[in-house]
Chemist: 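Got a structure for you, questions after.
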Amino acid sequence: MTEMTPVTQSDTQTPIKASPTLPDAQTVTQVTHYTDRLFSFRCTRPASMRFRSGEFVMIGLMGDPHPETGKQRPLLRAYSIASPSWDEELEFYSIKVPDGPLTSRLQHIKVGDEIILRPKPVGTLVHDALLPGKRLWFFATGTGFAPFASLLREPQTYEDYDEIIITHTCREVGELTYGRDLIEALKHDELLGEVIGDGFWKKIKYYPTTTREESPKMGRITDLMRSGEAFADLEVPPLSPETDRAMICGNLAFNLELKEMLEGYGLVEGANSNPQHYVVEKAFLD
Ligand code: A2P
């Protein structure tokens with residue numbers, strides 16, 4: 001796979017349709033392709049929809065007509081909302097699976113198209129599920145970065161913690177682009193600077209790693225933590241339930257492995273109803 005230059009469709013290219021025709025329809029306002037495997041898009045937000053940064057919703061498209069009855073059913077998948085709770089639009093970050101029932105089609109959406117969005121946000125990667133702490137870790141692989149894209153733009157993240165560490169492990173360098181650009185943009189975000197305080201982004205330590213293409217830091221984050229290399233690079237001690245809180249979002253094997261490691265450091269899994277030291281959620285792949 002080769003890295004491709006992000007191509008952003010501006011909303012001046014296609015007129016936005018006025019009247020939705022799908023149930024729970026929202027209109028696409030921007031599409032950006034990062035690699036042949038990854039893209040992000042933005043859409044309108046239902047006026048009444050409230051959510052907590054880090055939650056997910058069901059989104060999708062109408063499925064193909066049934067061969068006999070001709071009836072169409074919505075084809076929906078759970079997607080983390082990548083935009084923060086205060087944003088007037090919604091953003092999503094998605095993989096493209098060539099034979100994936102939804103993403104094989106979703107990857108072709110354009111500005112002005114409609115998607116289906118069920119406005120019932122839920123999820124465990126929320127501040128409410130964690131006890132107060134000093135340092136917050138976001139552990140992501142691949143598109144698991146999405147809920148952290150939301151939480152990194154959420155003022156509460158900086159109000160509640162002295163330090164935020166975001167680790168992102170991807171196969172190839174191009175797959176880091178979305179996250180790297182987002183973190184870079186925080187440095188110039190005047191609105192957030194005004195709300196949270198100038199230089200809020202200095203609380204972030206970004207730790208991107210790749211496993212299948214050469215980059216400044218190679219290896220799985222789990223291995224880099226086991227060897228102590230990650231802690232040395234980041235200049236922090238290994239995680240402790242006294243000071244550290246964590247959120248995990250990646251592929252299933254990663255989630256399970258890291259969950260076991262965090263338990264090994266003495267951290268306890270939390271939930272909305274029982275806030276503790278860490279929370280975990282799987283990235284929803286097609
Ligand atoms: P690797 O290339 O060694 O499999 P994927 O695209 O398959 O979801 O993987 C995203 C990233 O997550 C890859 O860099 C992959 O590394 C890494 N990864 C997969 N499984 C684990 C795991 N159990 N622990 C840590 N990283 C993992």
Side-chain angles (χ1 to χ4, degrees), residues 7-83 85 87-126 142-147 149-150 178 249-252 255 272 280-286:
V7 180
T8 300
Q9 256 197 343
S10 95
D11 46 4
T12 52
Q13 288 176 344
T14 316
I16 291 173
K17 286 178 209 159
S19 53
T21 51
L22 292 170
D24 288 330
Q26 297 301 322
T27 306
V28 175
T29 58
Q30 186 177 305
V31 183
T32 306
H33 292 272
Y34 296 94
T35 70
D36 53 7
R37 284 212 320 152
L38 295 168
F39 72 113
S40 71
F41 61 95
R42 292 175 69 84
C43 68
T44 52
R45 174 175 174 170
S48 61
M49 186 182 133
R50 298 280 169 271
F51 69 97
R52 294 175 296 173
S53 293
E55 289 188 311
F56 65 84
V57 282
M58 303 298 290
I59 64 169
L61 298 167
M62 253 330 176
D64 292 330
H66 188 277
E68 280 150 34
T69 63
K71 276 195 179 164
Q72 282 179 282
R73 286 186 169 197
L75 186 56
L76 302 172
R77 295 284 183 273
Y79 268 77
S80 288
I81 304 169
S83 46
S85 59
D87 198 327
E88 62 187 28
E89 288 186 339
L90 296 171
E91 182 175 316
F92 297 96
Y93 182 45
S94 178
I95 196 158
K96 308 174 196 177
V97 181
D99 53 357
L102 178 61
T103 64
S104 60
R105 292 178 46 207
L106 195 63
Q107 64 179 291
H108 300 298
I109 53 167
K110 293 188 177 59
V111 171
D113 287 353
E114 287 173 348
I115 62 156
I116 303 168
L117 186 145
R118 299 270 189 256
K120 294 194 186 75
V122 282
T124 53
L125 299 187
V126 291
T143 52
F145 191 90
S150 173
Y178 174 75
C249 191
N251 66 51
L252 189 58
N255 289 351
N272 275 289
V280 59
E281 192 160 86
K282 67 186 177 74
F284 300 94
L285 306 179
D286 202 351

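Only a predicted model underlies this, so the values are computations on that prediction, with no experimental measurement involved.
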Chemist: Specify the closest pair of heavy atoms between G54 and P147, including all atoms of both residues, with the distance to one decimal.
Modeler: O-CB, 4.0 Å
Chemist: Distance check, rounded to the nearest 0.5 Å: Q72 atom CD versus D64 atom CG?
Modeler: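 Here the interatomic distance stands at 7.5 Å.
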Chemist: Would a distance-only check, ignoring hydrogens and angles, find a side-chain to backbone donor-acceptor pair under 3.5 Å from T124 to V280?
Modeler: yes
Chemist: Using 0.5 Å steps for rounding, measure from the OG1 atom of T29 to the CZ atom of R45.
Modeler: 13.0 Å
Chemist: With no hydrogens and no angle check, is any side-chain donor or acceptor of R105 less than 3.5 Å from a backbone partner on M62?
Modeler: yes
Chemist: Would you check if the side chain of S150 reaches a backbone N or O of S83 as a donor-acceptor pair within less than 3.5 Å?
Modeler: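 Checking the backbone N and O of S83 against the side chain of S150, a donor-acceptor pair under 3.5 Å is found.
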Chemist: Do K120 and D24 touch side chain to side chain, with heavy atoms closer than 4.5 Å?
Modeler: no
Chemist: When rounded to the nearest 0.5 angstrom, what distance separates CZ in F39 from OH in Y93?
Modeler: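 Nearest 0.5 Å value for the CZ-OH distance: 10.5 Å.
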Chemist: Any side-chain to backbone donor/acceptor pair from S53 onto S85? Under 3.5 Å, distance only.
Modeler: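 The answer is yes, because a donor-acceptor pair under 3.5 Å joins these two groups.
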Chemist: Which residues satisfy the salt bridge (Lys or Arg N to Asp or Glu O under 4.0 Å) test with D87, sequence neighbours excluded?
Modeler: R42
Chemist: State, to 0.1 Å, how close P65 and G70 come at their nearest heavy-atom pair, and which atoms those are.
Modeler: CB-O, 3.6 Å
Chemist: Are any of the side-chain heavy atoms of F51 and V57 separated by less than 4.5 Å?
Modeler: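 Result no, sub-4.5 Å side-chain heavy-atom pair not found.
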Chemist: Hey, what do you get for CZ (R73) to CD1 (I116), rounding to the nearest 0.5 Å?
Modeler: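 So the gap between those two atoms works out to 12.5 Å.
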Chemist: Could you tell me the separation between the CG atom of L38 and the OG1 atom of T103, rounded to the nearest 0.5 Å?
Modeler: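 Reported value, rounded in 0.5 Å steps: 10.5 Å.
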Chemist: To the nearest 0.5 angstrom, please state how far the CD1 atom of I115 sits from the CG atom of L90.
Modeler: 8.0 Å
Chemist: State which residues pass side-chain hydrogen bond (donor to acceptor under 3.5 Å, both in side chains) with Q107; sequence neighbours excluded, sorted by chain then number.
Modeler: none
Chemist: Between K96 and H33, which heavy-atom pair has the shortest distance, and what is it?
Modeler: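 Scanning both residues completely, I find the closest heavy atoms to be NZ-ND1, 2.9 Å.
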Chemist: Determine the minimum heavy-atom distance between Q26 and C43, stating which atoms define it.
Modeler: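 In this case the closest contact between Q26 and C43 is CB-SG, 4.2 Å.
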Chemist: Taking side chain to side chain contact (heavy atoms under 4.5 Å, CB included) as the criterion, tell me which of D113, L76, L102 meets it with L61.
Modeler: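 The residue from D113, L76, L102 that satisfies side chain to side chain contact (heavy atoms under 4.5 Å, CB included) with L61 turns out to be L102.
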Chemist: Using the side-chain hydrogen bond (donor to acceptor under 3.5 Å, both in side chains) criterion, which residues pair with Y178? Sequence neighbours excluded.
Modeler: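 Applying side-chain hydrogen bond (donor to acceptor under 3.5 Å, both in side chains) to Y178 gives E91.
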Chemist: Of all the heavy-atom pairs spanning F56 and Y79, show the shortest one and how long it is.
Modeler: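 Distance-wise, the nearest heavy atoms are CB-O, 3.1 Å.
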Chemist: Within the structure provided, determine whether L117 and M49 are in side-chain contact (heavy-atom separation under 4.5 Å).
Modeler: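 Sidechains of M49 and L117: in contact.
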Chemist: With side chain to side chain contact (heavy atoms under 4.5 Å, CB included) as the test, would you mind laying out the steps for V126 and E55 before giving the verdict?
Modeler: CA-CA 7 Å; V126 291; E55 289 188 311; 3.6 Å; yes
Chemist: How close do F92 and S80 get, counting heavy atoms only, and between which atoms?
Modeler: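 Distance-wise, the nearest heavy atoms are CD2-O, 3.4 Å.
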